[in-house]
Asker: 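Below you will find the structure I want to go over with you.
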Amino acid sequence: MHLDEILKNYRPDNHVDGSSYIELQPGLSVCVVTAEHLNAVDVCKKFPSCNNHVCFNCQLQGKLQMQIKDRHFSTHKGDLIFGFTGGENFCLQHSDDFCNVEVMVMPKLLEVLLGDIDFQFSCLDHNMNFFLHHHKLEANKNVLSSARQLYHLIRNTDCRVTNRLLLYAYVLEYLNWYFHAFNSCLGKQEFTQREYKQINVAHDYLLKDLSSPPTIDWLAKQVGMSQNKLKKGFKKVFGKSIYAYFLAERMNKAKQLLVTNSVTETAIIMGYSNISHFSSAFRKQFGVLPKEVRQQNAYTINNSE
């Protein structure tokens, strides 16, 4: 079957209504999504993901918290989120200045565009659901620059009528720098693709039960790695130590629970037997005590009624 025959039956199915979305050709689209499009400021909302495209995101500004299955991400300006998620629902909330550029490519077309480029992760298997997060701003400066060019071209020009060739060129430049950003980072790592997958499996085990942190020894045995290899690899991939990452996700979950639960109830749900220990951990993470967040939630609910 020719590529054109494969592509003609596919369109992205997850672009946000109201976003600046443009299809450049069958199987290749670009869009700009801002806070006004998502309406998910300070609340967690569910959205369907794309089930037939690989998505390449660059966050231009703001903060974002996202969950897909048991994977949690907290992102900021300059972060890249790259994934093929097979239509899974994801939940997100963001700051009011959130802005993101996304390029969506059908896997078969991506294979053609890549050509001889040695991209370190196979993203061309339709049955492979994954999410990669790369957060080192210094390695992303060229991607960020290309994303800004796309943003200004899309928002300031009717690209459906003019400048489509220029927009197409910028999209290809964006993808080129995207691949280089990942490869330059991953090429420095001291673990193989198989070990990278083991680290991602350990990540999923880690967040399976946020009320009960597993030991590093247990995690290492589950995925078949040495403790030192797992600790070093985890920090390189996710930017934090295993314990720091678990604690951050645990507190993010606790903050969500405080909307409908008391401080004591939330502490118990999150596995704390000592309320003061929970309060200390929460304040270290967010700079405020959980009771203050609880009071603010109650005030917001009462004023909205």
Side-chain angles (χ1 to χ4, degrees), residues 2-38 40 47-60 64 66 68 75 79-90 92 94 98-115 117 119 121 123-126 128-132 140 143-179 181-182:
H2 294 295
L3 178 61
D4 289 343
E5 295 174 345
I6 298 173
L7 291 174
K8 68 182 180 180
N9 295 319
Y10 287 87
R11 289 181 62 84
D13 52 10
N14 73 324
H15 68 274
V16 178
D17 291 340
S19 62
S20 301
Y21 166 82
I22 298 169
E23 183 179 51
L24 292 170
Q25 70 174 82
L28 179 63
S29 307
V30 60
C31 71
V32 170
V33 180
T34 62
E36 62 184 305
H37 300 134
L38 295 174
F47 299 88
S49 67
C50 189
N51 66 3
N52 51 41
H53 284 66
V54 182
C55 300
F56 300 87
N57 292 271
C58 179
Q59 192 166 320
L60 290 179
L64 175 72
M66 178 170 57
I68 181 164
T75 65
D79 287 5
L80 308 184
I81 308 174
F82 157 64
F84 180 83
T85 53
E88 293 287 343
N89 284 332
F90 63 92
L92 62 81
H94 56 74
F98 173 75
C99 182
N100 181 76
V101 168
E102 180 177 40
V103 171
M104 295 154 282
V105 191
M106 186 181 164
K108 287 294 183 180
L109 177 58
L110 180 59
E111 188 174 14
V112 173
L113 293 175
L114 281 171
I117 296 177
F119 193 43
F121 290 93
C123 54
L124 308 179
D125 182 354
H126 287 269
M128 179 179 176
N129 295 344
F130 64 87
F131 240 60
L132 302 180
N140 298 349
V143 185
L144 190 58
S145 175
S146 294
R148 286 173 178 151
Q149 289 176 322
L150 286 172
Y151 171 84
H152 290 297
L153 187 60
I154 292 171
R155 295 303 294 264
N156 299 331
T157 308
D158 185 357
C159 294
R160 294 165 179 79
V161 180
T162 60
N163 286 329
R164 289 183 65 85
L165 186 59
L166 182 59
L167 179 61
Y168 193 93
Y170 280 159
V171 166
L172 294 183
E173 180 184 51
Y174 173 85
L175 290 174
N176 174 67
W177 288 122
Y178 215 106
F179 301 142
F182 269 89

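Residue indices begin at 1 and follow the sequence shown. Here the structure is a predicted model, which means the values were calculated and not measured.
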Asker: Please report the interatomic distance OG(S29) to CG(L24), rounded to the nearest 0.5 Å.
Answerer: 7.0 Å
Asker: Side chains of Y170 and S146: does their closest heavy-atom pair fall under 4.5 Å?
Answerer: no
Asker: To the closest 0.5 Å, what do you measure between CG (L144) and SG (C58)?
Answerer: 5.0 Å
Asker: Measure the shortest side-chain to side-chain distance between V101 and N57 over non-hydrogen atoms and say whether it is less than 4.5 angstrom.
Answerer: no
Asker: Please name the pair of heavy atoms, one in E23 and one in R164, separated by the smallest distance, quoted to 0.1 Å.
Answerer: O-NH2, 2.8 Å
Asker: Provide the closest heavy-atom pair for V54 versus P107 in the form atom of the first, atom of the second, distance.
Answerer: CG2-CG, 4.1 Å
Asker: Answer whether the closest heavy-atom distance between the side chains of C99 and Y151 falls below 4.5 Å.
Answerer: yes
Asker: Can you find a heavy atom in the side chain of L64 that is under 4.5 Å from one in the side chain of I81?
Answerer: yes
Asker: Which value, rounded to the nearest 0.5 Å, describes the distance between I22 atom CD1 and L167 atom CG?
Answerer: 5.5 Å
Asker: Quick one: ring pair (Phe, Tyr, Trp, His ring centres under 6.0 Å) partners of Y174, sequence neighbours excluded?
Answerer: Y178
Asker: F98 and V33: which non-hydrogen atoms are nearest, and at how many Å?
Answerer: CE2-O, 4.0 Å
Asker: Over all heavy atoms of both residues, which pair between T75 and D79 is shortest? Give the atoms and the distance, please.
Answerer: CA-OD2, 3.2 Å
Asker: Minimum heavy-atom separation for L80 and V143, please, with both atom names.
Answerer: CD2-CG1, 3.7 Å
Asker: How are the rings of F56 and F179 set relative to one another: parallel (under 30°), tilted (30 to 60°) or perpendicular (over 60°)?
Answerer: perpendicular
Asker: Should V32 and L150 count as side-chain neighbours, where that means a heavy-atom distance under 4.5 Å?
Answerer: no
Asker: Where do P26 and L109 come nearest, in terms of heavy atoms and distance?
Answerer: O-CD2, 4.0 Å
Asker: So do V30 and M104 actually touch side chain to side chain, heavy atoms under 4.5 Å?
Answerer: no
Asker: Out of curiosity, Q25 CD to M106 CE, how far, rounded to the nearest 0.5 Å?
Answerer: 11.0 Å
